[in-house]
Amino acid sequence: MTEDWRDSQEILVMDGRIKVPYAWSAGEVGTTYLESLRDAERFLGTRCPVCGIVYHLPRMHCPDCFEACPEWVELESTGTLVTWTIARRPHPALSPLAPPFGFGVIRLDGADTGFLHLLYGFGVGSLRSGMRVEAVFARERTGSILDVSHFRPSREVV
Amino acid sequence: MVGVGMTVQRSSRRDVTGVELINEAVRAALSDAAMTRKDIDAVVIGNMDHFEGINYVDTWSVDGSGALGKPVMKMTTGGTTGTTVAMGAYYHVASGMFDRVLAIGWEKNSESDTTGAIITAFDPFWDRPTFGGAVAGLALEATQYMAETGASEEDAAYVAVRDRKNALNNPYAHLRMELTIQAIMETPYLAWPVKLGDMCPRTDGACALVFASEDVADDFPNPPAWVRGLADRHLWAYTSDPYVNQKVKGGTWFPAMEMATRELYDRVGITDPLEQFDVAELYLPYSFAGLRYMESLGFCERGGGPELVRSGATDMGGKCPVNPSGGVLSSNAIGATGLLRVAEAALQMQGRAGDRQVQGASLALATGFGGCYWSDEIVLGSEMPDVGRG
Ligand SMILES: [Zn+2]
């Protein structure tokens with residue numbers, strides 16, 4: 001075999017980073033929802049006038065019926081854990097919570113659909129699909145979905 | 001399909017830039033079809049947004065893709081990008097406007113933070129602040145699947161063992177290893193119940209396919225692999241939707257895959273996929289998918305995935321071998337991955353898959369998976385379909 005110059009070539013690698021600022025609008029629906037979380041610690045959903053589904057997170061339009069959903073519905077801060085997983089390593093980009101913490105899909109009482117949030121304050125091995133959970137609100141609230149710090153196993157009396 | 005080109009799939013291809021990697025696959029496909037760049041009428045190309053930090057990939061890649069002075073269109077749909085590129089090239093030809101169209105999928109995962117890039121696909125208000133990336137997203141599905149069917153982590157590990165063992169027959173594959181269920185079980189948890197051994201790797205690689213109209217399909221050295229039919233469904237916007245909203249309307253399991261499957265099987269005449277398909281190249285990004293998706297693709301009843309795969313029916317030599325190439329669990333250059341499923345199925349239909357050939361195979365299923373449980377599905381055959389169908 002003839003010698004190939006590529007075999008002894010050291011490859012140059014240039015490190016890069018793209019950091020672009022954005023200013024995303026939450027829109028009217030998102031603003032109403034987030035203000036309610038921030039100022040009243042209350043979850044809101046929207047109801048489709050055609051199929052009757054209560055969406056949480058709220059939708060301006062039902063994605064299926066494609067009709068406007070002008071009706072707001074007040075929801076509970078408790079709900080059912082639909083499915084979950086556990087993060088075991090810390091990563092500041094993922095969450096300020098110290099591991100182990102969980103990611104869970106939660107269906108709030110009064111809503112038909114679920115949403116993704118963090119789980120914390122549970123015993124390792126205690127999470128189950130179908131278990132009752134409750135929201136823990138953040139002390140400092142800024143108008144973000146993280147105004148809910150996390151969900152934990154419900155302490156309600158059954 | 002009349003020409004297939006693929007690069008070797010490796011964790012890092014620092015010896016070439018992205019454009020040069022694309023060029024490698026394109027020249028292989030053109031050579032395979034005994035064509036030159038000049039014979040190509042149009043180009044469809046795709047990769048993952050943000051993975052290499054390059055916008056306008058359609059123009060940036062012209063030196064590699066061969067699209068200089070030709071119609072070129074970029075298509076990107078997340079994990080399904082590769083199968084969407086194949087569908088786009090098929091639509092180009094089926095429309096009657098083009099006779100020879102190049103489909104290209106590629107990725108250099110080594111050049112970016114895969115999860116960092118994937119997170120940009122999700123809503124900045126509602127998903128990003130609480131999203132754990134691709135692995136945690138899949139783990140949510142696996143947890144739900146185990147809770148609803150009683151499937152075990154060992155059942156899933158069987159799939160990882162099968163696909164990586166198949167990869168030993170594929171000189172292009174990235175991870176080629178003979179493992180045991182026990183070895184998979186001993187790998188560390190990434191996000192319960194998903195372990196390192198259950199997940200696909202991050203890969204650099206490219207794939208190119210030449211689609212030709214039936215008018216010119218006999219002009220090439222190799223027998224064509226024919227598109228018998230295709231279907232795709234993309235639905236749901238948020239990470240959480242597939243887990244709950246599927247129960248709200250219709251109560252199905254994996255709605256996009258089941259909707260696409262119904263349409264496709266009806267169109268092609270599939271009533272018993274396990275019996276009728278000779279081989280399947282499925283986009284299984286992690287081991288649990290190899291159980292659950294078999295159910296949504298109609299190979300078995302809901303909850304029957306573990307029994308099906310443990311019966312050996314999906315092994316090489318079984319009724320319908322799944323992923324003779326080693327699949328996504330062995331190589332995942334994401335923008336190329338869906339197209340590789342189509343390319344591998346095409347090679348099977350042409351009888352040119354080498355050591356990974358399923359003898360006598362004449363009907364194949366190829367799929368793409370992505371985003372919030374999206375599904376692309378394509379049936380390939382060794383014979384030309386009836387006119388007017390497909
Ligand atoms: Zn509706």
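Lettering of chains follows the sequences in order, A, B, ..., and the numbering in each one begins at 1.
Scanning all heavy atoms of the two residues, the minimum distance from B/Tyr189 to A/Arg89 falls at O-NH1, 3.5 Å. Closest approach of B/Arg14 and A/Ile11 over heavy atoms only: O-CG2, 3.1 Å. When every heavy atom of B/Gly53 is checked against every heavy atom of A/Ile18, the shortest pair comes out as O-CD1, 3.8 Å. A pairwise comparison of heavy atoms in A/Phe103 and B/Gly132 identifies CZ-CA, 3.3 Å as the closest pair. The two residues A/Gly104 and B/Leu140 come nearest to each other via the heavy atoms CA-CD2, 4.4 Å. When every heavy atom of A/Thr85 is checked against every heavy atom of B/Ala139, the shortest pair comes out as OG1-CB, 3.2 Å.
Contacts between A/Leu34 and chain B at a heavy-atom distance below 4.5 Å involve the side chain alone, from C-beta outward. Only the side chain of B/Ala147 comes within less than 4.5 Å of a heavy atom of chain A; its backbone N, CA, C and O stay farther away. Only the side chain of A/Tyr33 comes within contact range of chain B, with at least one heavy atom under 4.5 Å from a heavy atom of that chain. Residue contact with chain B, scored on non-hydrogen atoms closer than 4.5 Å, is absent for A/Thr80. Heavy atoms closer than 4.5 Å to chain B are found nowhere in A/Ser144, neither backbone nor side chain.
Ring pair A/Trp84/B/Trp192 is parallel by interplanar angle, where below 30° counts as parallel and above 60° as perpendicular.
Distance CG/A/Leu116 to CZ/B/Phe131: 7.5 Å, rounded to 0.5 Å. A/Asp15 contributes atom CG, which lies 11.0 Å from atom CD of B/Glu111 (distance to the nearest 0.5 angstrom). The distance from atom NE2 of A/His117 to atom CG of B/Asp127, rounded to the nearest 0.5 Å, is 11.0 Å. Expressed to the nearest 0.5 Å, how far OG of A/Ser129 lies from CE of B/Met146 amounts to 10.0 Å. Rounding to the nearest 0.5 Å gives a distance of 8.5 Å between OG1 of B/Thr143 and CD1 of A/Ile86.
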Evaluate A/Leu146 against B/Thr130 for side-chain contact (heavy atoms from CB on, under 4.5 Å), listing each step before the verdict.
CA-CA 8 Å; A/Leu146 289 177; B/Thr130 54; 3.9 Å; yes

Could you walk me through whether A/Val82 and B/Gln144 pass side-chain contact (heavy atoms from CB on, under 4.5 Å), step by step?
CA-CA 8 Å; A/Val82 177; B/Gln144 187 188 40; 4.2 Å; yes

In sequence, state the C-alpha distance, the side-chain angles, and the governing distance for A/Phe115 and B/Trp126, and then conclude on side-chain contact (heavy atoms from CB on, under 4.5 Å).
CA-CA 8 Å; A/Phe115 83 124; B/Trp126 312 123; over 6 Å; no

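Heavy atoms from other residues, nucleotides or ligands lying under 6.0 Å from OH of B/Tyr172 number 12 at most.
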